[in-house]
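Below, chains carry the letters A, B, ... as their sequence lines are ordered, and counting in each starts from 1. Computed from heavy atoms alone, side chains included, the values below leave out hydrogens, waters and symmetry copies.
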2 protein chains.
Amino acid sequence: MSIVRAAIVGGGVIGAGWAARLIENAIAVTVFDPAPDAQAKMQAVLDNAAQAYAKLTMAPRRDTGTLRFAADLAEAVADADLIVESVPERLDIKRSVYADIEAAARPDALIASSTSGIMPTDLQAGMTHPGRLLVAHPFNPVYLLPVVEIVGGKATDPGAIQRAMDFYPTIGMKPVHITREIEAFVADRLLESLWRESLWLIKDGICTTQELDDIIRYGFGLRFAQMGIFETYRVAGGEAGMRHFMAQFGPCLSWPWSHLTDVPDFNDELVDLIADQSDAQSGHHTIRELERIRDENLVAIQQALKANDWGAGQVLAEYERRLFDGAGHQSEPDLTAPIRTTERRVPPDWTDYNNHMNEARYLQAFADATDAFLRMIGCDADYIASGGSYFTVETHIRHLAEVAANEPILTETQVIAGAGKKLHLFHWLKHADGRLLATGEHMLVHVSLQTRAATEPAARIAKALDEIAQGHARLPAPDGLGRAVGQGR
Amino acid sequence: MSIVRAAIVGGGVIGAGWAARLIENAIAVTVFDPAPDAQAKMQAVLDNAAQAYAKLTMAPRRDTGTLRFAADLAEAVADADLIVESVPERLDIKRSVYADIEAAARPDALIASSTSGIMPTDLQAGMTHPGRLLVAHPFNPVYLLPVVEIVGGKATDPGAIQRAMDFYPTIGMKPVHITREIEAFVADRLLESLWRESLWLIKDGICTTQELDDIIRYGFGLRFAQMGIFETYRVAGGEAGMRHFMAQFGPCLSWPWSHLTDVPDFNDELVDLIADQSDAQSGHHTIRELERIRDENLVAIQQALKANDWGAGQVLAEYERRLFDGAGHQSEPDLTAPIRTTERRVPPDWTDYNNHMNEARYLQAFADATDAFLRMIGCDADYIASGGSYFTVETHIRHLAEVAANEPILTETQVIAGAGKKLHLFHWLKHADGRLLATGEHMLVHVSLQTRAATEPAARIAKALDEIAQGHARLPAPDGLGRAVGQGR
């Protein structure tokens, strides 16, 4: 049963993050949170997510899902296929919420707790249908970090686990199934150990929060964005391998670094020390600014890893493949006008030292428009895998106006000629408000990817292209067609 | 006193990593390591570093430094401005090495230990000139990770610390001065706590090494590449700030997660368990492959962060500014031929689904050539900050041949016309073997960045441009000049 409607019970940072990820993935979301400021706080998270997704992917996404606030819990969960529980971390509160959920929800609704520490066996103890409860523990910001820990309790139905493992990748996530439940699962065990040690280092005056953070983000943090602790150490061990590494570094576990195994006193003095240092470190940015900075970095890092086909970048690529597949075949294009080929916002990293979209990105926008057009005539990933493709052999661009980061842009495409091996395209790059930003004229040749030489396209491609070319032959010649650089008007 | 000659004592993974970073930064390196395979192992690291640096930056780097293996320690250190000690982690060995170093080195040479755990006060105890010894603790791969922990002992001269803090940024690093020495300093305290907890999670069968690594690299590892633990939690705490976050999550330190404060038995069974899981996780890649993958990811992540002007990306940007400054003014260009404007290798992320450099990157290569030419006539960062710049208004590209990732490419540039507000350039993109890959013809207009309208360039820019334009006026018109898309030859 597919998940098209979700309920969020508890709209704090995590609940709002879930709402944002679900809505960005076309799922209708109903929220129950009695706090008076819940809607305003959630809207801020949704705004961040919308801005991040505009930059995260150019794949064709469906319309965003709807958001509705319910007056009570029963109304929120009544229709839901998935119920996300993200109320405070107290077992008694959670159990009471599950009782209310079960009284109103469909018995086949999946219930996913966002708890970061409580074992699902304890959560489900009093439930009527405990088989559909599991933990799906996400990480902040939920709409951008892919990982989600999936943990079942003793009474959890294996089918519920499978349903979760199948669902989360469709919303761009990487579910990791933790088969043996423990308090705090895996990630928070690791983070707790780091946090504990960090508190000691600050308390003992070894370093400041700024220095400690710098040591992470200019050092091992860069490594952890792409390889975990075991793979990193495997590489560090060199050709001698993991056993060698373990033999070399294992014994230091018993060195007398005594703090590592104690717990610091958690008192006002420690809180003040850390809060004051944190203010000195980050206080010149508002939390809202830091959220935006963090999101832009997470987007950029995932895109960098996508270019390298690795780790979180692979999750993003797989997500985009699903979106392209889901978009399916477009409806028949209207051939009485140029075709709308792409729509997006200018990614911030497309701008340069002149604070506008860099000249090279104009060609990227046109190349993307060409790719979109080619997919439209059937020259898609499968066709390319079969050995056919189009190569651009000539380009002419008029850079007519500037455009800044995050502005909405679109391309329109007219076929000037398309027959045999040749394809002659003309693109307009426009601001969404209608202003013309640039034109691109491009000559492409169909090639065999084996011989890298010009060949005829497959018959179905030729036919699809011919239909559009015949329609567009009735359109007027674009202004600027056939122009050479520096030629007078 | 600037550092132009360095000695490396101990050529293991860390010593070789230091050698690579120093050599890539034009420093002459002499290595002493009596192991018979030291040279071969070091060469492998230098090869990795050369490949990574080719992608890391397009800034003009000086020639790489020389590498020499010395027959004995005395020969290695005799001339050195900086002596890097990276021998095994045993105090007795290190002290004996310092005695040998002091017998042969200049008294003003800086001695930097790579130790990851021993306190500098203990290291320097028997030295004649202990004031110049400090710890400069780097992270693998040393040639790509920016951070280095700088720790002085009781006898360390503050001038030595200052010299280190001034030097490491010149080779692209981020030194963090730890003012209070403790065993293992800061980063390894944190990593040790993570490692300890990881061993428990594997030993107890909660997850596999693959699952644990995935939870890191699809989750908090992405966060740590750009913000440390305190800044991350500050954001998570929301507008209520760090005190709120501490109050909410502090108490869980005393929850009964007992493993956190124990040490697992480190026996053969545990080593086998982890080594076997690591083989299953990563054994399909050789260590050499994993090193390349890691390096390409670290390069891409730092470039992504550079585009966002944040964290490790700021260190890279600052490093590039130093390189541009260091390159100084070029010698007078030879005006009897087009000017060599750029030289680089095709970055792997410039290639696309057709396994060749994407069409948009052809324009990026030409845009970079234009930027290099503009810097040559004085239109540099300072000039742009003063409010003048050139905008490209028209582009024509002939894409003549394909080129693959990592191939060496170069551009040559001819001024077709350059007077008043207008600049008409013609670029050739060539493979280093001489093959012509593409031509680019570009019309630029000088603008005021305040009004965004065409204006005359500053007199010194106009004069520099005029000299080149007059020289180039005697060159033949390039083949393809003035061509429109699809025009016959």
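Side-chain contact between B:Tyr233 and A:Leu191 is present, with heavy atoms from C-beta onward closer than 4.5 Å. For the pair A:Thr395/B:Val485, no side-chain contact is recorded, criterion being any heavy-atom separation below 4.5 Å from C-beta on. Counting heavy atoms from C-beta outward, A:Asp279 and B:Arg234 have side chains that approach closer than 4.5 Å. Put simply, the side chain of A:His356 reaches to within 4.5 Å of the side chain of B:Arg452, judged on heavy atoms. Within the 4.5 Å cutoff, the side chain of B:Leu222 has no heavy atoms near those of the A:Phe139 side chain.
In this structure, chain A has heavy atoms under 4.5 Å from both the backbone and the side chain of B:Leu194. For chain A, the nearby part of B:Tyr390 is the backbone; its heavy atoms alone come within less than 4.5 Å. Only the side chain of B:Ile182 comes within contact range of chain A, judged by heavy atoms closer than 4.5 Å. Heavy atoms of B:Ile202 lying under 4.5 Å from chain A belong exclusively to its side chain. Heavy-atom distances place both the backbone and the side chain of B:Arg223 under 4.5 Å from chain A. If you measure heavy-atom distances from A:Val176 to chain B, the contacts under 4.5 Å come from the side chain alone.
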(message) Walk me through whether B:Glu211 and A:His177 qualify under side chain to side chain donor-acceptor pair (under 3.5 Å).
(response) CA-CA 8 Å; B:Glu211 287 158 356; A:His177 182 201; over 6 Å; no
(message) Would A:His396 and B:Arg483 count as a side-chain contact (heavy atoms from CB on, under 4.5 Å) here? Give the steps.
(response) CA-CA 9 Å; A:His396 176 263; B:Arg483 206 187 125 91; over 6 Å; no
(request) Take A:Phe230 and B:Gln277 through the test side-chain contact (heavy atoms from CB on, under 4.5 Å) and record every step on the way to the result. (result) CA-CA 9 Å; A:Phe230 288 102; B:Gln277 289 188 5; over 6 Å; no
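Interface remark: of the candidates A:Thr208, A:Leu481, A:Asp214, A:Ile301, A:Ile301 forms the most heavy-atom pairs closer than 4.5 Å to chain B.
In summary, B:Arg180 and A:Asp204 do not engage in a salt bridge, as defined by a charged side-chain N under 4.0 Å from a carboxylate O.
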